[in-house]
**Student:** 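Mind looking over this structure? Questions follow.
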Amino acid sequence: MSDHHHDHGHGAHGHDHGHHDVYVTHYSAKDYAIGFVLSLILTAIPFWLVMGNVLPPDTTKYVILGFAAVQLVVQMIYFLHMNAKSEGGWNLMALILTVVLLVIVLAGSIWVMHHMNANMMPAMGGASDTLHGTHDMP
């Protein structure tokens, strides 16, 4: 019984450094500060582009989407600690899946917004009234 008690006490004091320490990465306040500063920069630049009308609107929306993608990757690396070594590579697979989904969502959003603009805005002059049957209303 004393052996069992001794083993329990030994493991409870943190002397069991088995295979779990291989994938543990320690992040410092410096890493978090770098991630925070990068996030601020990646937010401030698109804000400046929009508020200052620096680029044409079509170019601005694509630049903002690019900054959003970079912002996502920065936050995943610095705040979620995703890299090729953590969790035996499964975090890298999650990162790849996230990038694929991000490309699908961003491309789909641009496609939908473009077609909504092209198909809805010209009809605002009165053609939409005949389409919806409101031309008979006083």
**Student:** Is the backbone of Met116 close enough, under 3.5 Å, to the side chain of Asn119 for a donor and an acceptor to pair up by distance?
**Tutor:** no

**Student:** First locate atom CD1 of Ile110, then atom CG of Leu65, and finally report the distance between them rounded to the nearest 0.5 Å.
**Tutor:** 4.5 Å

**Student:** In terms of hydrophobic clusters joined by side-chain contacts under 4.5 Å, are Val37 and Phe47 together?
**Tutor:** no

**Student:** What class does the angle between the rings of Phe79 and Tyr32 fall in, given that below 30° is parallel, 30 to 60° is tilted and above 60° is perpendicular?
**Tutor:** parallel

**Student:** Should the heavy atoms of other residues, nucleotides or ligands under 6.0 Å from CE of Met93 be counted, would the total exceed 12?
**Tutor:** no

**Student:** Check for me, please, whether Leu38 and Val63 land in the same ILVMFWY cluster - side-chain distances under 4.5 Å, paths through other members count.
**Tutor:** yes

**Student:** Between Tyr62 and Val54, is there shared hydrophobic-cluster membership here, with clusters defined by ILVMFWY side-chain heavy atoms closer than 4.5 Å?
**Tutor:** no

**Student:** Would Ile104 and Leu97 show up in the same hydrophobic cluster when neighbours are defined by side-chain heavy atoms closer than 4.5 Å?
**Tutor:** no

**Student:** Any chance you could measure Leu101, atom CG, to Ile96, atom CD1, to the nearest 0.5 Å?
**Tutor:** 12.0 Å

**Student:** Keeping the roles fixed (side chain from Asn117, backbone from Met113), state whether a donor-acceptor pair exists under 3.5 Å.
**Tutor:** no

**Student:** Applying a strict under-4.5 Å side-chain criterion to I, L, V, M, F, W and Y, I'd like to know whether Leu40 and Val73 cluster together.
**Tutor:** no

**Student:** Please give me the minimum heavy-atom distance between Val74 and Gly35, naming the atom from each residue.
**Tutor:** CG1-O, 4.2 Å

**Student:** Just how far is it from atom CZ of Phe36 to atom CD1 of Ile41, taken to the nearest 0.5 Å?
**Tutor:** 11.0 Å

**Student:** Is the side chain of Thr59 donor-acceptor paired with the backbone N or O of Leu55 at a distance under 3.5 Å, no angle test?
**Tutor:** no

**Student:** Are the side chains of Leu80 and Gln75 in contact, using a 4.5 Å heavy-atom criterion?
**Tutor:** no

**Student:** Calculate, to the nearest 0.5 Å, the distance between atoms OG and CD1 belonging to Ser28 and Ile34 respectively.
**Tutor:** 7.5 Å

**Student:** Could you state the interatomic distance from CG (Leu49) to NZ (Lys61), rounded to the nearest 0.5 Å?
**Tutor:** 15.0 Å

**Student:** Could you measure the distance from the CG atom of Leu42 to the CD1 atom of Ile64? Nearest 0.5 Å is fine.
**Tutor:** 12.5 Å

**Student:** Could you tell me if the side chain of Thr43 sits less than 4.5 Å from the side chain of Phe67, heavy atoms only?
**Tutor:** no

**Student:** Restricting to non-hydrogen atoms, name the atom on Asp31 and the atom on Tyr78 that form the minimum distance, rounded to 0.1 Å.
**Tutor:** O-CD2, 3.2 Å

